[in-house]
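For reference, the structure is listed below as structure tokens.
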Amino acid sequence: MRPRVSLEAVSSPKTSGATKVTGLMHAPGLDAGIPATPIRVRIARSDPSAQQTFEVERTNPMMVLDLLLAIQRDHDPTIAFRYSCRVALCGTCTVRVNGRPVLACQKAVSDDWEDIRLEPLSGLPVVRDLIVDMTPFFEEWTRIMPYFVPVGGLAGPALIPPDALERRIIDPARACITCAACYAGCGMVGDRRLFLGPAALIRAMVLIADSRDDAGAERLRAVSAGDGVDGCHYMGTCTAVCPKDLDPAGAIRRLRRWRLTARQ
Amino acid sequence: MTSLPVNIEAIDADVAVLGSGGAGLMAVLHMARAGPRLRIALVSKGAVGRSGCTLMVQGYNAALDPKDSLELHFADLLRGGLFLNDQELAWILVSNAPRIIEELEGTVGCFFDRRKDGRISQKPFAGQSFDRKVYRGDLTGLEIMGRLRDQLSRIRPLELGDVRALDLLLDESGGVSGVALLNLRTGAAIVLRARVVIVATGGAATLYRIASTAREKTGDGLAMCYRAGAELRDMEMMQFLSVGLVAAGSRLAGTLLEETLRIAGAHLYNGRGERFMARYDPDQMERAARDLVVRASYAEIMAGRGTPGGGVLIDISHFGAEEVERRFPTLVARTRQIGKDLAREPVEIAPVAHFQIGGVIIGPHGETSIPGLFVAGEDAGGVHGAGWTGGNGIAESTVFGARAGDHAVAVAEGRQMGRPSETLAGEIFQHAFAPLRREHGPLPFGLTNALKNVIWEQVGPVRHAEGLMKAAEQIDRIAEQITRISVPDPAVANYAWQEALDLESQVTVARTMISSALIRQESRGVHFRSDHPQRDDENWLRYVVVREGPDGPATETRPVVLSRLHPDGR
């Protein structure tokens, strides 16, 4: 059943990715009684003999995840894709839509889309269809010692005011859901494995900034090695594609500055 | 057509943890500390540390403040649970929560929000008579799970991600000897031998048409414990929230707004534009107790007075768009994502299944009646009684996960490595692979929908005997069709196949819920019987126990032991 239509002007730019005018439902043509054209979806399949192109009926609302579920239910039950929380917290539904990494559960199917291409994340081994093996990503993540190492002798939770400098550095950088969009978007990681990657580096920055953690110097050394911050070539795709609005590129710049001050 | 795997891989561990949420990861953390040489296998149906619902948690209740008290938190827990709680378990929760918060900060590295004086900030939370919610913005769950998961890089257990537990394996004496596993990535069958198994897989809220939970929550742990002969309690108790987004057929249906909207002054309307709460609580209206609002909304919908989408409408736009955007930015964004706008218009919501209150009966350390079997977190029963309140579920998972971990070390040292029966393991795999081997039969998707509709209609916020018995029959028919499901190859990363296996767990759990709901002939907390609408403390300060009998679920009731607090305050 379709939800009731609101006839108020919905002017928020966040709705469905297309500019709304007044009173239209999100799938074009429905209010005129003419069915909306299906969206053509091309999916990179592991099995070359599997169906690759699907014509999917639009629904409203519809995320890329809903597209995939519709394909699984109505067209091809063998299509392989991941999801879990569907609220942008687990980071497991990341796929490429027209080449760009997005969370399938958050990316709305735009009315303007007629023909889209879905692929697995680049730079990671493909398990099947849209499912990748995250092992290389987590190997890089592990190399920066991502676990907290407490400063000894603290009695109880550290007293740190909310506007302390470290909170101001850490707070905007902590919502990483390890979705690997940045990793896949970055041109420098992947097959060549010569770069720790943006996710590992922003995690390192958060821990190095944390006054409660005792391993900052060691981590700074780890990220200052050849495959650390020097592996970044300033492309900035990481920050552009992060679905949680983190700024790994900024974190890497900050790590470079800290590396300098540590040496002085 | 896939043939039965000839090779069954073998893995040995001292302790197997099934589930990688708050309970599972705390268990691993504590086991690693108490027994550094222990071989730990961590099994997760989804991605390790990135599946389940701990990620979504909005706060953690702990009596940290000197002006707060354990007694007050305890009283809140029992009041919320309508005194059906196991008081010893409830006391363990409140008395350990502060210590776990300190551990999460000091050892695990969670960085909770602070007050101006630098101390941990605590905010109000529904059902708490003191502001004791510890939080990190609106990403408390992500903070806890992310930092716990990072500890795995230090601890290095054997991580079996994308591996599903099919069944517990018992030895001749009836104790655990391991788990039959399925590697979802490769389609391989695995027998994991272990001295101790900790089950922490989370409940089966996905049984309902609209659920807030992650997709993995299909009751696998509950079902396998039940099949192994464990006792479950309070299976009639399922916590609903009133503010699940209706999003047509989108998988986003069930994502949550906040109950606080109602307290703030939002109005609720049915499909006829009536502020229907006037019929149910004319004094409090939309500020009535959450469970009453759930029932009221549900009643309106079931009576045909809902919206065309099958919900009711919540409207706070009368505050003015700017005010709503300022006070509830996250919620506004969430509604805009589905093409609605909380700041400017009514939004369609419906009652949503959120947390499975009932579960396996445990002792103070998570031990069960089966030697070597521990259960922790949502899979366990008794802590919350007849009603859960926000911030206590995460406390339960982490407190009892830690305790199970602490205790598992000693128990593992005292148990032999099991010798699971190969025949039995073979039968389990044969059964699991059957949908792949059948040439013809229904796909699972229609059956999943049918099951969710039955449970929503007959085992929802309002139940009655006739509807429950009808549900039992309908489930029998669905279960029969499940035995005929056929899914195409390959076995690798085959989620249609996994849905067929999910259905089996869901049906098992559903049957225990129906049986228990039939037995409890009174209304208490989240269990409301329209044919027995009153609460009856005289006869029903008893909890319903269910275990597998020769003809299906066998139920009995046991008295609640009022060891610390009596309903009239003694």
Side-chain angles (χ1 to χ4, degrees), chain A residues 1-4 6 8 10 12 14-16 26 59-63 65-66 69 72-73 77-78 80-81 83-87 89-92 105-106 108 127-129 131 133-134 141-142 145-148 150 154 156-162 167 170-171 174-178 210 212-213, chain B residues 46-47 50-51 55-56 102 105-109 111-121 139 141-143 146-147 150-151 153-154 185 214-216 246-252 255 307-310 333 336-341 344-345 348 443 445 487-490 492-496:
Chain A
M1 284 259 197
R2 288 197 294 280
R4 278 183 39 186
S6 164
E8 308 297 309
V10 179
S12 162
K14 290 207 164 102
T15 51
S16 291
H26 303 291
T59 58
N60 177 30
M62 192 176 215
M63 306 297 141
L65 176 59
D66 296 315
L69 288 162
Q72 182 192 47
R73 191 185 55 235
T78 70
F81 56 95
Y83 71 102
S84 175
C85 73
R86 74 252 189 293
V87 290
L89 287 172
C90 69
T92 61
C105 71
Q106 301 297 298
V127 172
R128 195 164 77 81
D129 296 348
I131 299 181
D133 182 354
M134 291 283 282
W141 181 267
T142 301
M145 233 167 55
Y147 51 88
F148 182 73
L154 280 181
L159 294 175
I160 295 172
R167 289 299 300 232
I170 290 171
D171 284 347
R174 269 193 308 166
C176 179
I177 58 173
T178 57
D210 192 336
R212 311 165 308 152
D213 180 273
Chain B
R50 300 190 302 141
S51 47
L55 279 167
M56 307 181 199
E102 295 201 2
E105 261 276 338
T107 306
V108 180
F111 211 160
F112 297 114
D113 280 4
R114 296 299 204 260
R115 303 188 317 216
K116 286 207 165 61
D117 65 1
R119 295 187 127 52
I120 287 183
S121 173
L139 296 174
L142 178 62
E143 181 71 7
R147 306 301 67 88
D150 288 336
Q151 291 292 314
S153 308
R154 175 180 62 79
R185 247 185 261 168
R215 62 98 71 101
E216 289 87 7
V246 170
S250 170
R251 190 50 56 120
L252 293 189
T255 55
T307 59
R336 286 180 182 163
Q337 198 194 359
I338 58 162
K340 295 290 163 193
D341 192 342
R344 290 181 174 82
E345 58 176 342
E348 218 171 342
L443 286 169
F445 312 119
V487 294
D489 281 343
V492 168
N494 186 332
Y495 284 93

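We name chains A, B, ... by the order of the sequence lines, and we start the count at 1 in each one.
Contact count versus chain B (heavy atoms, under 4.5 Å) is highest, among Pro150(A), Pro161(A), Pro146(A), for Pro146(A). Here Leu69(A) is the residue among Leu69(A), Asp129(A), Asp171(A) with the most heavy-atom pairs under 4.5 Å with chain B. Most heavy-atom pairs under 4.5 Å with chain A, from the set Glu143(B), Arg114(B), Lys116(B), Arg115(B): that is Arg114(B). Interface summary for chain A: among Val487(B), Val108(B), Asn494(B), the most heavy-atom pairs under 4.5 angstrom belong to Val108(B). Residue with the most contacts toward chain A among Glu105(B), Glu216(B), Glu102(B), Arg119(B): Glu105(B) (heavy-atom pairs, distance under 4.5 Å).
Both the backbone and the side chain of Leu89(A) come within less than 4.5 Å of a heavy atom in chain B. For chain B, the nearby parts of Ile177(A) are the backbone and the side chain; heavy atoms of each come within less than 4.5 Å. Residue Tyr83(A) touches chain B through both its backbone and its side chain, counting heavy-atom pairs closer than 4.5 Å. Using a 4.5 Å cut-off between heavy atoms, Met145(A) does not touch chain B at all. For Phe111(B), the parts lying under 4.5 angstrom from a heavy atom of chain A are both the backbone and the side chain. With a 4.5 Å cut-off on non-hydrogen atoms, Arg147(B) touches chain A through its side chain but not through its backbone. Contacts between Thr255(B) and chain A at a heavy-atom distance below 4.5 Å involve backbone atoms as well as side-chain atoms. For Leu55(B), the parts lying under 4.5 angstrom from a heavy atom of chain A are both the backbone and the side chain.
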Should Gln337(B) and Met63(A) be marked as a side-chain contact (heavy atoms from CB on, under 4.5 Å) after you check the CA-CA gap, both sets of side-chain angles, and the distance that decides it?
-> CA-CA 9 Å; Gln337(B) 198 194 359; Met63(A) 306 297 141; 4.1 Å; yes
Are Cys105(A) and Arg251(B) close enough, and set up right, to give a side-chain contact (heavy atoms from CB on, under 4.5 Å), and what steps lead you there?
-> CA-CA 8 Å; Cys105(A) 71; Arg251(B) 190 50 56 120; over 6 Å; no
Could you give me the CA-CA distance, side-chain angles and deciding distance for Leu142(B) and Arg174(A), then say whether side-chain contact (heavy atoms from CB on, under 4.5 Å) is met?
-> CA-CA 9 Å; Leu142(B) 178 62; Arg174(A) 269 193 308 166; over 6 Å; no
Could you walk me through whether Trp141(A) and Asp150(B) pass the side-chain contact (heavy atoms from CB on, under 4.5 Å) check?
-> CA-CA 9 Å; Trp141(A) 181 267; Asp150(B) 288 336; 2.8 Å; yes
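Within a 6.0 Å radius of CZ in Arg212(A), more than 12 heavy atoms belonging to other residues, nucleotides or ligands are found.
Using a 4.5 Å cut-off on side-chain heavy atoms (C-beta onward), Arg128(A) and Pro490(B) make contact. Inter-residue side-chain proximity for Ser250(B) and Met62(A) is flagged as unmet; no heavy-atom pair is nearer than 4.5 Å. Contact of the Phe445(B) side chain with the Pro77(A) side chain is registered, since non-hydrogen atoms from C-beta on lie closer than 4.5 Å. Considering only heavy atoms from C-beta on, Asp133(A) comes within 4.5 Å of Arg185(B) through its side chain. Contact annotation: the side chain of Tyr495(B) approaches that of Ile131(A) to within less than 4.5 Å [non-hydrogen atoms, C-beta and beyond].
Of all heavy-atom pairs between Pro61(A) and Ala247(B), the closest is CD-O, 3.6 Å. Across all non-hydrogen atoms, the minimal contact from Pro488(B) to Thr78(A) is CG-CG2, 3.5 Å. What you find for Tyr147(A) and Ser153(B) is that their closest heavy atoms are CD2-CB, 3.9 Å. Annotation for Ala493(B) and Ala80(A): closest pair O-CB, 3.5 Å, computed over non-hydrogen atoms.
The distance from atom CG of Asp117(B) to atom CD1 of Ile160(A), rounded to the nearest 0.5 Å, is 12.5 Å. Atom SG of Cys176(A) is separated from atom CG of Leu139(B) by 11.5 Å, given to the nearest 0.5 angstrom. In this structure, CG on Leu65(A) lies 7.5 Å from CG on Leu252(B), to the nearest 0.5 angstrom. Atom OG1 of residue Thr142(A) and atom CZ of residue Arg154(B) lie 13.0 Å apart, to the nearest 0.5 angstrom.
Of the possible donor and acceptor atoms, one in the side chain of Arg50(B) sits under 3.5 Å from a partner among the backbone N and O of Thr178(A).
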